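I have placed the structure first, in the form of structure tokens, so that the comments after it can refer back to it.
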Amino acid sequence: QVQLVESGGGLVQAGGSLRVSCATSGRTFSSYHMGWFRQAPGKEREFVAAISRRDGNTYYADSVKGRFTISRDNAKNTVYLQMNSLKPEDTAVYYCAADNIISTMLRQAVSSIDYWGKGTLVTVSS
């Protein structure tokens, strides 16, 4: 069992930056591909970014490419999402995800993701 706890959300002005973190329990963090999804009010949960478990390959949604950076620290069992040049349309609850198969995240098979955090709210004001 893996537990994911997000932190770092908050209110930021458009153009600003924010870093959200996801701390995981257990000794198997390095065994999982990690990712971030987001869900805005009235919308479906959507893929934001993912990072592979061993070689650290990263993947991004087109909407955040060049602005967001995902990283992981296997020694600290933590994955990060650095968000720069934030826009009001980035406002959402951001969820951390863990899965054994990275394509599950990349094809946004939300119902098939192994583990989810409870989310952290990011609000970008205009």
Side-chain angles (χ1 to χ4, degrees):
Q1 188 75 7
V2 176
Q3 291 184 327
L4 310 178
V5 180
E6 301 94 336
S7 61
L11 174 64
V12 62
Q13 288 188 332
S17 298
L18 202 63
R19 187 177 80 161
V20 291
S21 303
C22 173
T24 70
S25 65
R27 295 172 288 181
T28 59
F29 174 76
S30 60
S31 300
Y32 288 92
H33 306 292
M34 300 298 298
W36 289 94
F37 287 70
R38 67 186 181 186
Q39 189 165 15
K43 295 188 176 181
E44 294 188 349
R45 195 169 298 190
E46 64 175 3
F47 169 76
V48 175
I51 185 166
S52 62
R53 57 192 168 197
R54 292 193 177 89
D55 49 19
N57 287 338
T58 56
Y59 308 85
Y60 297 95
D62 288 343
S63 59
V64 306
K65 203 170 292 183
R67 300 188 298 121
F68 289 12
T69 302
I70 188 171
S71 61
R72 66 189 295 161
D73 186 335
N74 287 344
K76 295 183 178 180
N77 291 351
T78 301
V79 61
Y80 305 96
L81 184 68
Q82 176 67 44
M83 302 181 287
N84 298 328
S85 302
L86 282 160
K87 305 174 181 180
E89 52 263 43
D90 294 318
T91 294
V93 177
Y94 283 71
Y95 295 92
C96 180
D99 202 278
N100 276 306
I101 304 172
I102 199 162
S103 62
T104 304
M105 295 188 193
L106 301 184
R107 58 188 176 90
Q108 304 195 64
V110 171
S111 61
S112 299
I113 297 288
D114 289 339
Y115 299 103
W116 289 103
K118 293 184 177 180
T120 185
L121 177 62
V122 173
T123 303
V124 184
S125 63
S126 57

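Note that the structure is predicted; figures quoted are calculated from it, not measured. Positions are given from 1, in the same order as the sequence printed here.
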Decide if atom CD1 of Ile101 counts as having more than 12 heavy atoms of other residues, nucleotides or ligands within a radius under 6.0 Å.
no

Would you compute the distance between atom OH of Tyr80 and atom CH2 of Trp36 and round it to the nearest 0.5 angstrom?
10.5 Å

List the atom of Leu86, the atom of Arg67, and the distance in Å for their closest heavy-atom pair.
CA-NH1, 3.9 Å

If every non-hydrogen atom of Tyr95 is compared with every non-hydrogen atom of Gly117, which pair is closest and at what distance?
CD2-O, 3.5 Å

Same hydrophobic cluster for Val48 and Val12, using side-chain heavy-atom links shorter than 4.5 Å among ILVMFWY?
yes

Would you please test Asp114 and Asn100 for side chain to side chain contact (heavy atoms under 4.5 Å, CB included) and show each step?
CA-CA 7 Å; Asp114 289 339; Asn100 276 306; 3.4 Å; yes

Write down the atom of Ser71, the atom of Val79, and the distance for their closest heavy-atom approach.
O-CG2, 3.1 Å

Only counting residues at least two apart or in another chain, list the ones meeting side-chain hydrogen bond (donor to acceptor under 3.5 Å, both in side chains) with Asp62.
Lys65

Enumerate the residue pairs fulfilling side-chain hydrogen bond (donor to acceptor under 3.5 Å, both in side chains) with a member in residues 1-20, sequence neighbours excluded, ordered by first and then second residue.
Ser17-Asn84

So, taking the atom named OG1 in Thr69 and the one named CG in Leu81, what distance separates them when rounded to the nearest 0.5 Å?
8.0 Å

Heavy-atom pair with the smallest gap, counting every atom of Ala40 and Thr91
CB-O, 3.7 Å

Measuring from Thr58:OG1 to Arg72:CZ, what's the distance to the nearest 0.5 Å?
12.0 Å

Euclidean distance, Tyr59 OH relative to Ile70 CD1, rounded to 0.5 Å:
11.0 Å

If hydrophobic clusters are built by linking Ile, Leu, Val, Met, Phe, Trp and Tyr wherever their side-chain heavy atoms come under 4.5 Å apart, do Val93 and Val110 end up in the same one?
yes

Which atom names give the shortest non-hydrogen contact between Ser125 and Leu11, and what distance separates them?
CB-CD1, 4.2 Å

Please check if the side chain of His33 supplies one atom and the backbone of Asp99 the other of a donor-acceptor pair under 3.5 Å.
no

Should Ile102 and Phe47 be counted in the same cluster of Ile, Leu, Val, Met, Phe, Trp and Tyr side chains packed under 4.5 Å apart?
yes

Please report the closest heavy-atom contact between Met34 and Ala98, naming both atoms and the distance.
SD-CB, 3.6 Å

So, taking the atom named OG in Ser30 and the one named CG in Asp73, what distance separates them when rounded to the nearest 0.5 Å?
11.5 Å

Can you name the ring pair (Phe, Tyr, Trp, His ring centres under 6.0 Å) partners of Phe68, sequence neighbours left out?
none

Please examine the side chains of Ile113 and Met105, heavy atoms only from C-beta on, and report whether any two atoms are closer than 4.5 Å.
yes

Holding to side-chain hydrogen bond (donor to acceptor under 3.5 Å, both in side chains), I want the full list of residues that pass it with Thr123, two or more places apart in sequence or in another chain.
none

According to a hydrophobic-cluster definition based on side-chain heavy atoms being under 4.5 Å apart (Ile, Leu, Val, Met, Phe, Trp, Tyr only), do Val64 and Val20 belong together?
yes

For Glu46, give me all partners under side-chain hydrogen bond (donor to acceptor under 3.5 Å, both in side chains), at least two apart in sequence or on another chain.
Arg38

Pairwise side-chain contact, Thr28 with Val2, heavy-atom cut-off 4.5 Å (strictly under):
yes

A side-chain contact here means heavy atoms from C-beta on lying under 4.5 Å apart; do Met83 and Val122 qualify?
yes

Gap separating the CD atom of Glu89 from the OG atom of Ser126, nearest 0.5 angstrom:
10.0 Å

Contacts of Tyr115 meeting ring pair (Phe, Tyr, Trp, His ring centres under 6.0 Å) (sequence neighbours excluded), chain-then-number -> Tyr32

